Amino acid sequence: MFVLTNKLQRRTFVASAVALAAAGLGALSAKAEPRSFATLAMIGEPQTLDPAVSTADLVGTIIQHVYETLYTFDENLKVVPMLAEGEPAISPDGRSYSITLRKNVALHNGRELNANDVVASLQRWIEHSPRGRAVGKEVAQIFTKGPLTVEIALKQPYAPLLSQLALPSGMAAIMAKESIAMPLREFVGTGPYVLKERKPDAYVLLARFDRYSARREEPSGYGGKREALIQELRFVPIPNANTRVEGALAGQYDYADSLPIEALGRIERSGGKTFPILTKSFGFPYLVFNTKEGVTSSQALRQSLQLAIGENEMLAAGFGDPRFFNAGGNHFPQGSPFFSTAGTERYNTQNPKAAKEAAQKAGYKGEPIRILTSRQYDFHYNMIVVMGEQLKRAGFKVEISVVDWATLVQRRNDSKLWDLFLSHSPQFPEPMLSPPQLGDGAPGWWNTSSKQSVLAAFNREVDPAKRGPLWGKVQEAVYEEVPYINIGRFNSLSARGAALENYKPAVWPFFWNSRISK
C-alpha cells in the first residue's frame, strides 16, 4: 500500500526530465533483481492517479493495474465479469441489477473485498467522475443485499450501464472503503499490482501484489486470468515523441507508447531489437469546443468553425500514411449497428468563404480562438497546426498554446482558459463510452435540452435493433450543435523491446500476463 504525500502541481516538460527519469530508474534498478522489471515509456506525466477524476487515457492505462472494476471487456469488446462473479440478475422491467461479487478477493491492505466497499466506491465514482455523474442521473439507489451482493436500482432502464461499469477510462474503480477520500492518499485496490512509489516527472512504480486473486477463465482482452509475471512496472514520462522512438530503438524501453507513424520503417529495420505494434481501429481524434463560456459558447459561431474545417487534410497531416487513417463523417463504421449518415453533409466542408459569412452573421468580431494542444501525442499537434491555417483562411484569429499533456488536461477543466482542444478516444461498440462529452460534466460542458432528449430516448431503449436508428438522432444533434467534431478514425503505432514477451495490443496498454525474457 502506498501513501501519496506529494502535492501535485502543474508541470511543463524540460529537457532534463529524461535525465531525471533515467537517473531515478537507475537507482531503483540497482536494488532490483536483474530484468525483474519493465520500463514503459509513456507520453507524459499523469496529472493524477485518481481513476475517477480524470478521463485521460494515460491515467487509465497506469491505474488499471492497481484497481479493478466489476466488469471489463474481452478481446471482442464484449462485457464480461471481473470482480463480479458473473452476469447480473436484471429485473424484468430493466430497473434493478443484482450483482454478486467473487469470494475471497484480497484487497491490497490484506482484508477481503465486500459489498460495502463496492457501494462506497460506486458512490464516490458517481460523485466525482464525469462518466459516473452521467450514470448517477439514472440511479435511484445503490445498496448491499448481503456481504457479497450489490443492488443497483435505476430510475428507468439504462442500456449502457454494464459498459459504463467496465470502462478503464474515468473508471468505476473498486477500492477499500476505508481508503476512500478526496483527494486519494491511499491507493488500496484489488489489482495484480500495488502502487509502490511515485516520483513526479520521473516514474510511477508498481510492484507485484503477491496475494492477487485472479479469475480462472483464459485471458481474453482485459478479461479472464491476470498474472503479474513481471515483478515491477516502471511507467516513465517521456513527453517528446522522437525521444520515445530513439529510446525504443536503443533498447532503453521495453515498451514505448504512441509513436509517430514515420518511425515505422526504422522500427521494422531494427534487426529484431525492437518490434512495431500496430493497434488497428484504435479510435478517433476529435475536437472539443467550450460551450460554457467564451467565443465558442455561441452555437452559430461553432457552426461557422465547422464550415472552415477540412478533416481529411487534418488526418493526412496527423498520420501521413493512408494505411493509418480513414476519413468519414459517420461516427461508427459500416457494419456497426450504430452506422449512420445523419448530419454527415456537414463533414469535411472546408469552405472558408461560407465559414467567414456564417461567422459574421454569428457576430464574430475577431476574437482569438484559443486552442490547446500538446506535442506529446505527435498527431495532435500536426493536426492542430493544419486546422489553425484552415481557420485563418476563413478569417478567424487563432492562438495556439502548446503545453505538456498533464497541463492540457488540467487547463481544460477551467472554462475560462480555452475555446477548443484536440483529444482522441477509443472506438467502442457502446456509443455512450466515448467521447466523455456525451456524458455530463466533461470539459466542453455540452448540456442542452436537445442533447438530453435524444440521449434519454437512446439510453432507455434496451433493444439493440431499435437503438441503432436512435443513435442517428444523437449524431444529428452533434452535427447541429457542434459540441465536438469527430475527425475520423485511425490506427496507432507503438513499439516493444525484444525482451517483452506475450504483450497483447490494446487501447489502454496492460502488462499483466506479459513477461520479461531472461
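On a predicted model such as this, the values are computed, not experimentally measured, just so you know.
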Go through the side-chain N and O atoms of [X] and [Y] and say whether any donor and acceptor fall under 3.5 Å apart.
X      : Y      : result
Asn109 : Glu178 : yes
Tyr255 : Asp257 : yes
Thr100 : Glu85  : no

* Structure fact -> Which of Phe490, Phe324, Trp508 passes ring pair (Phe, Tyr, Trp, His ring centres under 6.0 Å) with Phe282? Answer is Phe490
* Structure fact -> When Arg198, Glu197, Arg234 are each screened for side chain to side chain donor-acceptor pair (under 3.5 Å) with Tyr203, the one that passes is Glu197
Less than 4.5 Å apart, side chain to side chain, heavy atoms only: is that true for [X] and [Y]?
X      : Y      : value
Arg226 : Phe510 : no
Pro81  : Tyr71  : yes
Trp446 : Val478 : yes
Leu259 : Ile267 : yes
Val236 : Leu40  : no
Pro192 : Glu68  : yes
Thr190 : Ser213 : no
Leu278 : Pro505 : no

* Taking the six-membered ring for Trp, are Phe428 and Phe73 parallel (under 30°), tilted (30 to 60°) or perpendicular (over 60°)? -> tilted
Identify the heavy atoms of [X] and [Y] that sit nearest to each other, and give their distance.
X      : Y      : answer
Val66  : Val194 : CG2-C, 4.4 Å
Leu438 : Tyr484 : CD2-OH, 3.9 Å
Ile126 : Gly136 : CG2-CA, 3.6 Å
Arg215 : Arg102 : NH1-CD, 3.0 Å

Which donor-acceptor pairs under 3.5 Å do the side chains of residues 160-176 make with protein atoms, sequence neighbours left out?
unit_1, atom_1, unit_2, atom_2, d
Gln164, NE2, Tyr158, OH, 3.4
Ser169, OG, Thr55, O, 2.7

* **Listed once per pair and sorted, the side-chain hydrogen bond (donor to acceptor under 3.5 Å, both in side chains) pairs that draw on residues 264-275, sequence neighbours left out** =>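 Every side-chain hydrogen bond (donor to acceptor under 3.5 Å, both in side chains) pair that includes a residue of residues 264-275, provided the two are not neighbours, is Glu246-Arg266.
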[X] side, atom [atom1]; [Y] side, atom [atom2] - distance, nearest 0.5 Å:
X      : Y      : atom1 : atom2 : answer
Ile230 : Asn513 : CD1   : CG    : 10.0 Å
His424 : Ile487 : NE2   : CD1   : 11.5 Å
Arg208 : Gln231 : CZ    : CD    : 5.0 Å
Tyr377 : Ser492 : OH    : OG    : 10.0 Å
Ile180 : Gln123 : CD1   : CD    : 8.5 Å
Arg244 : Ile238 : CZ    : CD1   : 8.5 Å

* Structure fact -> Sorted by chain and residue number, the ring pair (Phe, Tyr, Trp, His ring centres under 6.0 Å) partners of Phe284 (sequence neighbours excluded) come out as Tyr286
* Set of ring pair (Phe, Tyr, Trp, His ring centres under 6.0 Å) partners for Trp445, sequence neighbours left out ->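 By the ring pair (Phe, Tyr, Trp, His ring centres under 6.0 Å) rule, Trp445 matches Trp418.
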* With sequence neighbours excluded, tell me which residues meet side-chain contact (heavy atoms from CB on, under 4.5 Å) with Glu127. =>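 Once residues adjacent in sequence are excluded, Glu127 has no partner under the side-chain contact (heavy atoms from CB on, under 4.5 Å) criterion.
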I'd like a table of donor-acceptor pairs (distance under 3.5 Å, sequence neighbours excluded) in which one partner is a side-chain atom from residues 313-320, with atom names and distances.
unit_1, atom_1, unit_2, atom_2, d
Glu313, OE1, Gln350, NE2, 3.1
Glu313, OE1, Gln390, NE2, 2.7

* To do: Would you mind checking if Asp419 and Arg370 are paired as a salt bridge, meaning a charged N to carboxylate O distance below 4.0 Å?
  =>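 The answer is yes: the pair qualifies as a salt bridge.
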Ignoring hydrogens and geometry, is there a side-chain-to-backbone donor-acceptor pair from [X] to [Y] under 3.5 Å?
X      : Y      : value
Gln437 : Pro443 : yes
Glu389 : Val386 : no
Glu501 : Arg515 : no
Arg211 : Gly110 : yes

* To do: In sequence, state the C-alpha distance, the side-chain angles, and the governing distance for Lys416 and Asp414, and then conclude on salt bridge (charged side-chain N to carboxylate O under 4.0 Å, His left out).
  => CA-CA 5 Å; Lys416 298 184 183 302; Asp414 188 339; over 6 Å; no
* **Ring centre gap for Phe338 and His331 strictly below 6.0 Å** => no
